[in-house]
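Presented below is the structure to which this report refers.
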2 protein chains.
Amino acid sequence: MNDAAPRPTLEAVAARAGVSRATVSRVVNGGDGVREPLVERVRRAVEELGYVPNQAARSLVTKRHHAVAVVVAEPESRVFADPFFALQLRGISKELTAQDNQLVLLLTEGRDDHTRVARYLAGGHVDGALVFSLHLDDPLPGLIQRAGVPTVFGGRPGWSDGTADVVYVDSDNRGGARDAVRHLLGLGRSRVAHITGALDQTSAVDRLDGYRDVMGDADPDLVAPGDFTPAGGERAMRELLDRCPGLDAVFAANDLTASGALRVLRERGRRVPEDVALIGFDDMLPVAEQTDPPLTTVRQDIEEMGRLMARLLLRGLDPSPAGPAGAAPAGAAPAGVVLPTTLVRRASA
Amino acid sequence: MNDAAPRPTLEAVAARAGVSRATVSRVVNGGDGVREPLVERVRRAVEELGYVPNQAARSLVTKRHHAVAVVVAEPESRVFADPFFALQLRGISKELTAQDNQLVLLLTEGRDDHTRVARYLAGGHVDGALVFSLHLDDPLPGLIQRAGVPTVFGGRPGWSDGTADVVYVDSDNRGGARDAVRHLLGLGRSRVAHITGALDQTSAVDRLDGYRDVMGDADPDLVAPGDFTPAGGERAMRELLDRCPGLDAVFAANDLTASGALRVLRERGRRVPEDVALIGFDDMLPVAEQTDPPLTTVRQDIEEMGRLMARLLLRGLDPSPAGPAGAAPAGAAPAGVVLPTTLVRRASA
DNA sequence: GACTCGGTTGAGAGCGCTCTCGTGGAGAGG
DNA sequence: CCTCTCCACGAGAGCGCTCTCAACCGAGTC
């Protein structure tokens, strides 16, 4: 249907500039060791011919692809369906393209995809991988780790409790949860309940831990299991209200959960925040800002998480600059980086 | 940090199986014209060595990359931040991987990125592109079109009013809008208002056109400009209520807009749907289901749109099967494919 | 039984690039 | 003025693969 003119090669540029292929190559790749007049001539030839290097040929010899895979496990799950992930992707993309790397997106669902992805990564088509997987029992991270591709994880993987040499970026779920609960206590509330997230995900576990850090072993009846969905929030809220009618505050594991809880609170005639203060997590805008009252919540800098993941990976790939005096000891990559969270006060608490 | 064993090459497999490189290549690529015993021997060698073809080397000679770029213009905009896009991406991904193609994600913002993307595409690193751009005046689609890469657009591009040979997939915004308005009329409402979307996007224009198809040139005061955001919806709703206190139904250009309108309606003491029936567009779940009352809205099969885009592109790339008796005349690609919408009845209308 | 023919296999030429060497010329040193 | 060094440049090998083409082999054919 199209397939027009064959794209110009190094050879063509060389001919036009009246130099050798090697010289053109040098110019194209930075131009060190080539005298100014020649550089200029080559540049012009490149320009005139509209030359663009053939990445395949280049990769063939350099073994670098300037491409990074972003693996998202189980996209039906929460990761993919909310703006959270879109933002992270944006951060990743920015950082990657800033360093002239491409982003290869790999979405998986189910076993078949696991092996497909593992093969692909092991196949050496990309220089590294950024992996998102929420579930503790997901075999994918393990497979990937074994594939021998440099990898950075988004969120703390379940099987790495600070031990192994796994590189990941996470936000401070535990600290954020503590802040939320403390805020509630600071408001003079004392019977603070918690609706957990899906506890097969580290973020949910960490948030629960944060709650416990502050509340100690308060009344265990004040904790009800949720699953990060509005429906789960409703269910848990009913349960809590039945069990502990006297509760005066709720910390929900995320904003979606909080929105469900909010509906039940209203239905049961509790005023928010007067009777019950409510606080969420994520600061998922379309939800947090649209509820009535708007949700007080814990925000994470999602885009920055993405950037950081990419930066970490790229740094690990590139055995070069080392900065002023060697920023970080060569082999010792930072195992996990945890980004701070901030409390966003709106009307619900 | 790692870089372990060099991966086995075709040569290695050939040696192990006691055949020539050519034969291994034939087997790896389908095995036609190779006798069974040999095929078996080669297969085993591949297995034992864990051989994975080097895609770079392959691309170098075949000029096919088995990779498709997905270009998303202006990710700050609505496209990227909502689940809409995530779903579309999922559809694309499924279709692409089913045919063993990779998905290279290109996010752009601003001029610099435009030229970067154009260069990348023109550079022949991918076999084709799927492009999302919402704004009528976006120069990117034009640039891409000129880059000579096979392209399918998501959503009807502004500059192609059915004329040019542009391939795109869109949902039936106009028809969906008509359905919505007719539904409202069917409910016995007569003063049906419309809050438009951002009119620099074809989807918004099409929805407005659909409204007009049914309402004729009703009272122009019944149309107020929005911008696809909740805030825009609030503003427009206030305007409408001031101008036409007697209105009894509102068709909002999308769910976000509807949620804003809903808030204003409640604030002004109008009951929904008793006093004013309200209907949205998109069926953006976290919004449409969470409002009070839940939103009646027009749904599009987003994931299918994605799949279809990918399928269209791939079909255009592959000059092969042609199906039973040549499904479609070779050169005559279907210019635009428009997917149907369905009305989802909830409580608001 | 010599000959042809369709089908299988191997040899070898590149695809476009990078990178190692070797060469030649300009400048420094004796 | 001649040698030694250093640096800019070109020649050429090869990255791992596909694909054309020639060689070969067994089965028909006359």
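Below, chain A is the first sequence line, B the second, and so on; all start at residue 1.
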Would you indicate whether A/D100, at its atom CG, is surrounded by more than 12 heavy atoms from other residues, nucleotides or ligands within a distance under 6.0 Å?
-> no

Could you tell me the separation between the [atom1] atom of [X] and the [atom2] atom of [N], rounded to a whole number of Å?
| X | N | atom1 | atom2 | result |
| --- | --- | --- | --- | --- |
| B/Q55 | C/dC15 | CD | P | 19 Å |
| B/R58 | D/dT18 | CZ | P | 5 Å |
| A/L10 | D/dG12 | CG | C1' | 15 Å |
| B/K63 | C/dG14 | NZ | P | 14 Å |
| A/R35 | C/dG24 | CZ | C1' | 11 Å |
| A/D32 | D/dA8 | CG | C1' | 13 Å |
| B/R64 | D/dC17 | CZ | P | 19 Å |
| B/R26 | D/dC17 | CZ | P | 15 Å |

Which nucleotide in the set D/dC19, C/dC17, D/dG10 lies at the smallest distance from any side-chain heavy atom of A/S20?
-> D/dG10

So, B/R35 and B/E40, do they make that salt bridge, N to O below 4.0 Å?
-> no

Run the salt-bridge test on A/E47 and A/R16 with the 4.0 Å N-O cut-off and return the result as yes or no.
-> no

Mapping A/R21 and B/L60 to their closest nucleotides on DNA chain C, which lands nearer the 5' end?
-> B/L60

Short side-chain N/O contact to D/dC9 OP1/OP2 from A/T23, under 4.0 Å = no

State whether B/N54 places a side-chain N or O below 4.0 Å from either non-bridging phosphate oxygen (OP1 or OP2) of D/dC15.
-> no

Using heavy atoms to find the nearest nucleotide of DNA chain D for A/G33 and B/A56 separately, return the residue whose nucleotide is more 5′.
-> A/G33

Could you tell me which non-hydrogen atom of B/A118 sits nearest to which non-hydrogen atom of B/A147, and how far apart they are?
-> O-CB, 4.3 Å

